[in-house]
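The structure appears right after this line, and notes come after that.
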There are 4 protein chains.
Amino acid sequence: MNRTIPKSRRDRRAKIIKRLIIDAAANLFAEKGFHRTTTKDIALAADVSEGTIYNYFDNKDDLLIGIMEHLYEEEHFDAQLRDALPLDARDFLISELEKHKVNVAHNNAMLQSVLSEILVNPKLRQRYYMQLISPSIQLLTDHVLSRIESGHIRNHKPQHLVRIIISLTFGLFFLQVLKDDVVLSEWDELALTTANVLFEGIKPNP
Amino acid sequence: MNRTIPKSRRDRRAKIIKRLIIDAAANLFAEKGFHRTTTKDIALAADVSEGTIYNYFDNKDDLLIGIMEHLYEEEHFDAQLRDALPLDARDFLISELEKHKVNVAHNNAMLQSVLSEILVNPKLRQRYYMQLISPSIQLLTDHVLSRIESGHIRNHKPQHLVRIIISLTFGLFFLQVLKDDVVLSEWDELALTTANVLFEGIKPNP
Amino acid sequence: MNRTIPKSRRDRRAKIIKRLIIDAAANLFAEKGFHRTTTKDIALAADVSEGTIYNYFDNKDDLLIGIMEHLYEEEHFDAQLRDALPLDARDFLISELEKHKVNVAHNNAMLQSVLSEILVNPKLRQRYYMQLISPSIQLLTDHVLSRIESGHIRNHKPQHLVRIIISLTFGLFFLQVLKDDVVLSEWDELALTTANVLFEGIKPNP
Amino acid sequence: MNRTIPKSRRDRRAKIIKRLIIDAAANLFAEKGFHRTTTKDIALAADVSEGTIYNYFDNKDDLLIGIMEHLYEEEHFDAQLRDALPLDARDFLISELEKHKVNVAHNNAMLQSVLSEILVNPKLRQRYYMQLISPSIQLLTDHVLSRIESGHIRNHKPQHLVRIIISLTFGLFFLQVLKDDVVLSEWDELALTTANVLFEGIKPNP
DNA sequence: AATGAATGAGGTTTCATTCAT
DNA sequence: TATGAATGAAACCTCATTCAT
């Protein structure tokens, strides 16, 4: 038998197809939701047959997991945060929000489709929290802690500060999905304001 | 004959049943999602027949609209904000977050089920934005503006401040749905931190 | 108790309502068919409640029977034929077709709705044949027979002649329902041709 | 490998199944009517799953269209009429009625089911008229015209003669559906009488 | 490995009929 | 007698999944 194709080539091909399917699925899920998207839709968009999908994923739910894992692989929070340490706190916040923007722009569809299901699918929710949120919180907490220790930021409870930052992130994403005009068109300025507010507060100048 | 009731016995009964169905639906939607909830489930939970549901709602989608409308009716943002004006800015923030907490606790299921669909249903999304978000933004903006003018809070762009507040609100709700430990168990303290951060910033004390 | 309303007044009222319902039903049945017409549709068109329909008819099928019976009551074939005897054969045919036209114009909807169901409802079909077709055939046969005996028409088998006439009648009705242009717009002339053809044949003049 | 079949094994199989479903549907529709026949009934009779029906037809209505199209494909009116030209007028009529008989016997169920719906379904009605009746009328008119010109039949308006013939055809079919004894048991003789009447009229012999 | 026709469970929705008022 | 809300069986149709090719 001809075993000319080395295992790795086949693997690479498989990875490509898997990615094709995931992209197609994520876009459709974001557009019309997980449940309104049929496997036939996905097959069509990914230009494979329905059967092929099942060669790469156990079932439709597994596609969501696949998307989530893809999101996970794209995250390099630790590296990002390490790189950010030299920045001062305000610039850090700005760069955080900028990164968030880029990240979201890149994975918009995936995020949107996953979040929607997470809200109403306890199993997926837990997996998402464990796999993506919890590690992020951990890293961010450490980062914030070290900034507090180094006197860059005030002595608030780090775990609270982290929740505030993450909440802002999710909330802004949500407003963006809702196509809020200000969030869409004045993003950069809004990011600046946000950083300023977080850094200096809204208290009137003395 | 007891003709004390003007004409509305039937009307009142209808309203009760409608509410029964909406409550049942919202709980189930939040629990397992709109699409995993069958009309039979709803009928069972509301203790009516499936047919009866369709005497009160055009179709299953209409139930979501119904839930949204209920959320809308529950909102009395204008009154809330008017009452809040005497408070100073920090107390205002705290009371905002508290109200949010109460409001959410009350309508948790409804909010959760609606938000999930909104993320992937453009039609519902627009309706939600127009009916619930946009008016809230408007009122909050006015409120913030008057506080700026009266010198209670610093001169940031009001429309940006409002987005920040709303984002925080959504984000915290999201973390709560994700059952984040800190958000769940330290809510009051977290609210306080949030208010402090927003008010005074995270900048180290001078 | 006040028994002021004499039995007959009540009866008359009942008859009127029954007729109202039958008319509404027949029109709707003809328009969109028996099965696509809901009892609610009928109630609306007849300006009564759905419940009231069931005070006058056992069930929906019974409405069709009611329509058929109405058609039956409208028929006065015996009298018509008796009156027609003095006419010569050709004029008789013309007057037959004319009467058919009038009759149809009057009961168009009822006929249409009943015929449709008859084609696919064996029970109704038999009833229709027994109650309406069979008697007509009988009377027509007698009539034709007496015309043959009196030498007005040629000695064809009367039962065959009758089938031919009745077939023509049904067929023309069918073409009219199909909105055939010629049948609709040149009816009178067509009737004349038909009578001529039946009377003198299409054989070329000697 | 047997690659004798060009590419159409699948296609042929599809055609067979489609036909299976159409036959099953037509029989059931004729037996109990379109609306009293469930897709489950059809699936059972055609020995396929309900889902399979929807792989071949868009919806239940589409089945009727399918039946109509089948009727249309079976019609070869033009050829029939061309072949009939050499016959003299009376024999032509007889052969027409004979062909009608055969045709009907063959497609009885389909015709019956389609006609029933046509009476109460404007959309289908128009389609039927355009696709089946109108072309037949056209061909028949031409045929009759040429017979008139060649002196085979008398100078009646061809479009009227055609309506008469078609009406007779429909009417006789209708009586047959009604199981009229004479039409069923004396068909051949009835056909002969009809031809004679049409040809020579019922006018008494001179 | 890829395909896509076949499947059938199960979902939403309709609607004839009932019955308390 | 008239009403119309409540019912629930059953219809049509969808779609995730399988499997022979």
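Here is the naming used below: chain letters follow the sequence lines, and residue numbers restart at 1 for every chain.
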Note, B/Lys15 side chain near B/Asp11 side chain (heavy atom, < 4.5 Å): no

Applying salt bridge (Lys or Arg N to Asp or Glu O under 4.0 Å) as the test, list every pair that has at least one member in residues 113-122 of chain B; sequence neighbours left out. A/Arg36-B/Glu117

Please report, rounded to the nearest Å, how far the P atom of E/dT14 is from the CZ atom of B/Phe57. 15 Å

Which residue lies more 5' along DNA chain F, comparing D/Arg36 with A/Arg36 via nearest heavy atoms: D/Arg36

Hey, is the side chain of C/Thr38 poking within less than 4.0 Å of OP1 or OP2 on E/dC15, counting only N and O atoms? no

From CG of C/Asp41 across to C1' of E/dA16 the rounded distance in Å is 12 Å

Return yes if some donor-acceptor pair links the side-chain N/O of C/Thr52 with the main-chain N/O of C/Val48 below 3.5 Å, else return no. no

Considering residues at least two apart in sequence or located in another chain, which fulfil the side chain to side chain donor-acceptor pair (under 3.5 Å) criterion with D/Glu31? none

Does a donor on one side chain sit under 3.5 Å from an acceptor on the other, for A/Ser116 and A/Ser113? no

Between A/Asp47 and D/Val48, who's closer to the 5' end of DNA chain E by nearest nucleotide? A/Asp47

Would you confirm whether C/Arg125, through its side chain, and C/Leu119, through its main-chain N or O, come within 3.5 Å as a donor-acceptor pair? yes

Test of understanding: with side chain to side chain donor-acceptor pair (under 3.5 Å), list the residues that count as partners of C/Asn107, not counting sequence neighbours. C/Asn103

Can you pull out every ring-ring contact (aromatic ring centres under 6.0 Å, His included) where at least one residue sits in residues 12-44 of chain A? Sequence neighbours excluded, please. A/Phe29-A/Phe34, A/His35-B/His35

Which residues share a side chain to side chain donor-acceptor pair (under 3.5 Å) with D/Asp23, sequence neighbours left out: D/Arg19

Would you say B/Gln112's side chain and A/Val120's backbone share a donor-acceptor pair under 3.5 angstrom? no

Go through the structure and list residues passing salt bridge (charged side-chain N to carboxylate O under 4.0 Å, His left out) with B/Arg13, not counting sequence neighbours. none

Working for side chain to side chain contact (heavy atoms under 4.5 Å, CB included), residues B/Met110 and B/Met68: CA-CA 8 Å; B/Met110 297 205 189; B/Met68 252 178 57; over 6 Å; no

At less than 4.0 Å, is any side-chain N or O atom of C/Ser49 found next to OP1 or OP2 of F/dT3? Yes or no. yes

Among pairs that include at least one residue of residues 54-67 of chain A, which meet side chain to side chain donor-acceptor pair (under 3.5 Å), considering only residues two or more places apart or in two chains? none

Taking DNA chain F as the partner, which of residues 115-125 of chain B come within under 4.0 angstrom of it by heavy atom? none

Whole-Å distance separating the CD1 atom of B/Ile53 from the P atom of E/dC15: 17 Å

Check nucleotides 17-21 of chain E against the protein and report each pair of N or O atoms closer than 3.5 Å, with its distance, or say if there are none.
unit_1: E/dT17; atom_1: OP2; unit_2: C/Tyr54; atom_2: OH; d: 2.8
unit_1: E/dT17; atom_1: OP2; unit_2: C/Lys60; atom_2: N; d: 2.8

Whole angstrom is fine here: how far is it from CG in D/Asp11 over to P in E/dA5? 10 Å

Which parts of residues 13-35 of chain B get close to DNA chain F, meaning a heavy atom less than 4.0 angstrom away? B/Arg13, B/Ile17

Tell me the interatomic distance from D/Leu44, atom CG, to F/dA11, atom C1', rounded to whole angstroms. 15 Å

Those residues at least two apart in sequence (or on a different chain) that pass side chain to side chain donor-acceptor pair (under 3.5 Å) with D/Asp41 are D/Lys32, D/Thr38

Looking at E/dA2, E/dA6, F/dA6, which one has an atom nearest to any side-chain atom of B/Tyr56? F/dA6

DNA chain F stem ranges, 3 or more consecutive Watson-Crick or G-U pairs under 3.5 angstrom: E:2-21 with F:2-21

